[in-house]
There are 2 protein chains.
Amino acid sequence: MATIKDVAREASVSVATVSRVFNDAAVVREDTAKRIRDVAASLRYAPHNGARSLITSKTSTIGVLLPDLYGEFFSEVIRGIDLTARGSGYHLIISSSHNDKVEIEAAMRAMRGRVDGLLLMSPDIDANSLLNVPASLPVVLLCAPAKGHEVDSVIIQNFRGAREMVGHLISLGHRRIAIIKGALGNYDAAERLRGYHAALREADFMPDGSLECDGGFTEAGGYAATMELLAVKPCPTAIFAANDSMAIGALSALRDLGVRVPENMAVAGFDDIPLARYMDPPLSSVRVPISDLGARAVGMLLHGITHKNEHTRRRERVSTELVVRRSSGAPCDERPPPARRVRKQR
Amino acid sequence: MATIKDVAREASVSVATVSRVFNDAAVVREDTAKRIRDVAASLRYAPHNGARSLITSKTSTIGVLLPDLYGEFFSEVIRGIDLTARGSGYHLIISSSHNDKVEIEAAMRAMRGRVDGLLLMSPDIDANSLLNVPASLPVVLLCAPAKGHEVDSVIIQNFRGAREMVGHLISLGHRRIAIIKGALGNYDAAERLRGYHAALREADFMPDGSLECDGGFTEAGGYAATMELLAVKPCPTAIFAANDSMAIGALSALRDLGVRVPENMAVAGFDDIPLARYMDPPLSSVRVPISDLGARAVGMLLHGITHKNEHTRRRERVSTELVVRRSSGAPCDERPPPARRVRKQR
DNA sequence: GGCCAGAATGTAATCGTTTACATCGAGATG
DNA sequence: CATCTCGATGTAAACGATTACATTCTGGCC
């Protein structure tokens, strides 16, 4: 493959001049510049970015470490990240399926010299892990607690969102509200559970462990958890799933069992993935501006990269919004029902 | 940030020895190796991959150029790509939103020196564009015609799938079958249209231009197209959308118009994205093994990378499968239970 | 024509690695 | 004891660019 030297030789100039043409073309006389461009084109020359970034110590690339790539949530996050990064002239290196600390640290090392900064979404990373990693590489944590404020982060208002949704169910008259919990050790999962508890406490409900089931954030987990919950006596009248995937699993289970939603069981999710409004019945959920999440994280990271020296640690949180659809049993505007007032369920 | 020289100095050895420890550790005496590893850890040293790949001319990275990142189709493709690439120790650099030829060529140049090969998914790339690009970079085309066999490609059996689906609708007794066409100039779109025509021809139906509407592969486009189609007299009794997104738009439109599916209008899509089975009614579609598509492409690309010299051009096609659900009006199994996915959702 | 300023271009060091080749010791061999 | 071998380590040249600094042109002015 042609290098800058080949072009220089062929155009009878020095490499410096060729380099200048491809960077600050201004200083090169127009006729030489044109000659060089022609030669470059005929040789199909393109600058070698690896070499370039070695000397400039700038890769124009940011690394994205994710636990997984499956499902609408990640797809949306990445989209937000990509849009913002590209807007600022940055490329994206994406690396997924990092489950334990060891893998993540390995992946972070692997990013050394490839990226200018790192976006890290991982349930079980903590500040300590970051110490085992090439120093002075800006990092932003996604959906993870930035303990001790040592590192930037952007998180979802999980607590508030969950409390609000459970509050909504309570306001509809539900007294036995079950929760399908997210993956163990996951920050979002823990916070949503906390929000659930808070809402119950505020309504002076007795906590009831039998109404809390693990769902692992997966659709299958939601299905299984629902099967368990329906065996509990007295039966819950509402199920709050800590994400939409599990809520979808719950809807499947209820359908298989012949339980009508929302008449005999209210269901609500979290995230408001695009799929939610297409469910039957449409799923009430807590909207998270998912692609914003990614966009904000990139913004923060880019600031960290360009103002490396005096960039103060920051923590942003994206706010959530209650989205009421039919599955929770409240009247709603999705498909306007005939005049029907708020009706207590049982 | 610490470099190999720092480590060498601190451990009182030469850079060569340090390098050897991080590569073929075998030749270094165990006690020196340990000393070096300790020093490296204390300095938080990690090898600079940019420099490394400059000299080895190997980046262990493949570039992925996509038109967009939105929607389940891309999400699945990327997942397949990521899984396979990671399995072979490759990283992914992803770049989306490339619409016209110029942008794509720019993006391809930008990949020079960053990647060992390129996965290119673009409706309007052709063999000629590839000539304007750094030579000898292996490329695999996704869902695009590899005219003249100059370049590897993997494509979907669009023609067969579409013909089969339209044949299915015909077998159900439909005689006026409309099509919502995909994006203009898009290869998949053209092939699916061709399959539609073939099926009609085989049934000796007269082609009717008024039954062909553009939908641009988007949900909104499908909605609009459906509105138009319902104004056609005599009205079609079935709509074949060239992808699921448009079919979903069609379902929305029909619901808004009060047309019952499948009783008064059969609807079918293409791709069988995860959402399809959740629609109301569940959407008949043509299943495409989307993540396989990505996986196969990576496999082909890796072969091209490792056997650069004598790698014969190849073209693979992934096969499709008819998936009959309620929306087409045929008797069919009830909704399948959720897939038992073990995969983590977040 | 000689001089000079400023524009255009060239020279060479540098970025952080890898690796062919050179060197150095130490133990084995005759 | 000289020599040979071989294992461990060091030296230095690449890789392909950028860029400070040096050098060479160019044309304007006296």
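Atoms considered below: every heavy atom in the structure, side chains included; atoms not considered: hydrogens, waters and symmetry mates. Protein chains get the first letters and strands the later ones, always in sequence-line order, with residue 1 at the start of each.
Counting to the nearest Å, the P atom of C:dG16 and the CG atom of B:L43 are 14 Å from each other. One interatomic measurement links the two molecules: CZ of A:R114 to P of C:dG16, which rounds to 17 Å at whole-angstrom precision. Residue A:R35 contributes atom CZ, which lies 8 Å from atom P of C:dT9 at whole-angstrom precision. Atom CD1 in B:I4 sits about 14 Å away from atom C1' in D:dA12, given to the nearest Å. Atom CG of B:D6 and atom P of C:dG16 are 9 Å apart (whole Å). Taking atom CG on A:D31 and atom P on C:dT9, their separation rounds to 7 Å, with Å as the unit. What separates CG of A:N49 from C1' of D:dA17 is a distance of 10 Å, to the nearest Å. Per the geometry, NE2 belonging to B:H48 stands 12 Å off P belonging to C:dC15, to the nearest Å.
Under 3.5 Å, the side chains of B:S95 and A:R86 contain a donor-acceptor pair of N or O atoms. A donor-acceptor pair shorter than 3.5 Å cannot be found between the side chains of B:S96 and B:D68.
Looking at the side chain of A:T17, the nearest of the listed nucleotides C:dT19, C:dT9, C:dT17 is C:dT9. Checked against C:dT14, D:dG16, D:dG10, the side chain of A:I55 finds its nearest nucleotide in C:dT14. Side chain of B:T56, nearest nucleotide from D:dA17, C:dT18, D:dT18: C:dT18. Which of C:dA12, D:dA12, D:dT9 sits closest to the side chain of A:V15 comes down to C:dA12. Minimum atom distance to the side chain of B:L54 is reached by C:dG16, of the listed C:dG16, C:dG10, D:dT18. For A:R29, taking side-chain heavy atoms from C-beta onward, the closest of the listed nucleotides C:dA8, C:dC15, D:dT18 is C:dA8. Closest to the side chain of B:S14, from the set D:dT11, C:dG16, D:dT18, is D:dT11.
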Item checked: A:D31 vs A:K34, salt bridge (charged side-chain N to carboxylate O under 4.0 Å, His left out): CA-CA, chis, key distance, verdict -> CA-CA 5 Å; A:D31 54 344; A:K34 171 154 181 14; over 6 Å; no
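Taking for each of A:S12 and B:V18 the nucleotide of DNA chain C with the nearest heavy atom, the 5'-most of the two is the partner of A:S12.
Residue contacts shown for A:S19 include a base, since a base heavy atom lies under 4.0 Å away. Residue A:T32 is in sugar-phosphate contact alone, with no base atom involved, counting any heavy-atom pair closer than 4.0 Å across all strands shown. Using a 4.0 Å heavy-atom distance criterion, B:N23 is classed as a sugar-phosphate-only contact.
B:R314 places a side-chain N or O within 3.5 Å of a backbone atom of B:T312 that can act as its donor or acceptor partner.
Salt bridge A:D38/A:R35: absent, no basic N to carboxylate O contact under 4.0 Å.
Counting distance only, with no hydrogens placed and no angle test, the side-chain atoms of B:R20 and the base atoms of D:dG10 include a donor-acceptor pair under 3.5 Å.
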